Amino acid sequence: MSLEIRNLLKTFGGVPALERIDLAVGASDFVCLLGPSGCGKTTLLRIVAGLLAADSGSIVLNGRDLSAVPARERGFGIVFQSYSLFPQMTVAQNVGYGLHIRNTASATAARRVAELLDVVRLSEFANRYPGQLSGGQQQRVAIARALAVDPAVLLLDEPLSALDAKVRAELRTELRAVQRSLGIPTLMVTHDQEEAMMLADRVVCMNRGRIEQVGTPQQLYDTPHTRFVANFMGHSNLLPATWLRGAAPQLLQAAGRSIADGEEACVRPERIGLQVQSGADATVTDISFLGNVKRVGVAWRNRQLLAEVPARMPVTVGDQVNVNIDPHDCAWVAA
Ligand code: ATP
């Protein structure tokens with residue numbers, strides 16, 4: 001099973017919403033489309049689903065171009081942010097809906113519905129109505145409903161974002177487990193970097209209608225290619241090459257190639273080492289406690305850095321500190 005998005009272009013009223021989008025989702029692959037509001041994530045998902053037509057480009061499933069195939073015939077399972085369940089149907093009827101309209105034999109359908117309710121841990125709610133369920137339970141029903149018809153691909157549009165933090169975290173774990181156990185190719189839209197990192201095999205970082213970078217969560221975190229990706233994937237310290245020439249030329253020398261003026265070194269806060277020492281050339285400006293770690297603001301050679309250190313490290317505002325950066329921890333990004 002493989003899904004390919006080829007050279008997709010979409011404009012609204014002459015304004016590009018998606019430009020030159022190429023992406024492949026392989027069997028069992030969990031791919032997250034990640035980016036800020038308005039970057040085109042939902043538009044891309046809707047085009048894949050067949051709910052919206054592209055201006056050009058194609059969606060190809062197992063070698064077959066789906067351009068002329070309407071949404072309901074694509075065999076995709078779709079889950080939206082709003083649970084969009086049928087309020088007048090029970091949980092079991094909602095989950096079995098796709099099977100019903102495909103005229104699946106009722107004993108087979110009942111068995112499949114029972115299996116899926118078990119997978120999403122809602123067996124005892126089979127005869128309730130959506131209005132009698134919590135948000136998290138309703139979204140589990142929506143996921144079971146999408147899976148009931150053995151979809152070729154699972155498409156998820158911010159399925160967890162309407163839920164509170166605790167339920168979201170639980171459902172995230174369940175969603176990943178279900179997807180793994182069924183091995184179904186999945187494309188999910190999210191603007192939540194942490195969610196993408198936790199769920200995805202590969203993250204597609206989007207910005208203004210284009211793909212900035214595709215990679216595993218760790219690749220995007222450790223080696224962002226652009227300033228946008230560096231900033232979007234968690235906190236980062238961006239140190240311009242022009243500033244490093246005066247402040248820390250050893251980092252430039254260690255890069256092993258010549259660094260252009262427009263480039264910046266991206267260093268994650270936990271990769272910055274601090275050592276309290278009177279007379280050192282950096283000063284602690286602020287500290288916030290996050291449980292297992294402390295975030296420490298440091299003024300160093302006319303620049304403000306953010307470091308993350310173990311919570312128990314004795315350091316206070318006003319301390320003088322040495323700043324240690326291992327050149328191997330620098331990813332070079334184009335500004
Ligand atoms: P969000 O996270 O806020 O949902 P998104 O990344 O999913 O954002 P899209 O909804 O795909 O973004 O929108 C991409 C761009 O296309 C935006 O600039 C949006 O205003 C525009 N757009 C989307 N749908 C339409 C439409 N039907 N008509 C005109 N412009 C649209």
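One-based numbering, in listed order, for ligands and for the atoms of each. This one's a predicted model, so the numbers in the text were calculated from it and none came from an experiment. Heavy atoms only: backbone and side chains are in, while hydrogens, waters and symmetry mates are out.
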*Of the options Leu34, Val203, Leu220, which is the one that meets Val229 in a side chain to side chain contact (heavy atoms under 4.5 Å, CB included)?*
Leu220
*Give, for atom CZ of Phe30 and atom CZ of Arg202, the distance between the pair rounded to the nearest 0.5 Å.*
12.5 Å
*What protein heavy atom sits nearest atom 10 (O) of ligand 1, and how far away is it?*
Thr42 CB, 3.8 Å
*Is Pro36 near ligand 1, meaning one of its heavy atoms is under 4.0 Å from it?*
yes
*For atom 11 (O) of ligand 1, what's the nearest protein heavy atom and its distance?*
Thr43 OG1, 2.5 Å
_So that I can tick it off, tell me whether Glu170 and Lys166 are bridged by a salt bridge, with the cut-off set at under 4.0 angstrom between side-chain N and carboxylate O._
yes
*Heavy-atom distances under 4.0 Å are what count here, so tell me which part of His191 touches ligand 1: side chain, backbone, both or neither.*
neither
*What's the spacing between Met197 CE and Tyr221 OH if we round to 0.5 Å?*
6.5 Å
_Nearest neighbour in protein (non-hydrogen) for atom 31 (C) of ligand 1_ = Phe12 CD1, 3.3 Å
*Examine Gly40 against ligand 1 and note whether any of their N/O atoms are separated by less than 3.5 Å.*
yes
*Minimum-distance protein heavy atom relative to atom 2 (O) of ligand 1*: Lys41 NZ, 2.9 Å
*For atom 17 (C) of ligand 1, which candidate among Ala17, Gly38, Gly209 provides the closest heavy atom?*
Gly38
*Would you say Gly35 contacts ligand 1, with heavy atoms under 4.0 Å as the rule?*
no
_Point-to-point distance, once rounded to the nearest 0.5 Å, from OG1 of Thr242 to CG of Asp261_ = 6.0 Å
*asked:* Closer than 4.0 angstrom, basic N to acidic O: yes or no for Asp222 and Arg268?
replied: no
*Do protein heavy atoms approach atom 4 (O) of ligand 1 to less than 4.0 Å?*
yes
_For atom 19 (C) of ligand 1, is there a protein heavy atom at a distance under 4.0 Å?_
no
*Charged N to carboxylate O below 4.0 Å: is that the case for Glu4 and Arg6?*
yes
*Does an N or O anywhere in Leu44 fall below 3.5 Å from an N or O of ligand 1?*
no
*asked:* Under a 3.5 Å cutoff, is there a donor and acceptor pairing between the side chains of Glu212 and Asn207?
replied: yes
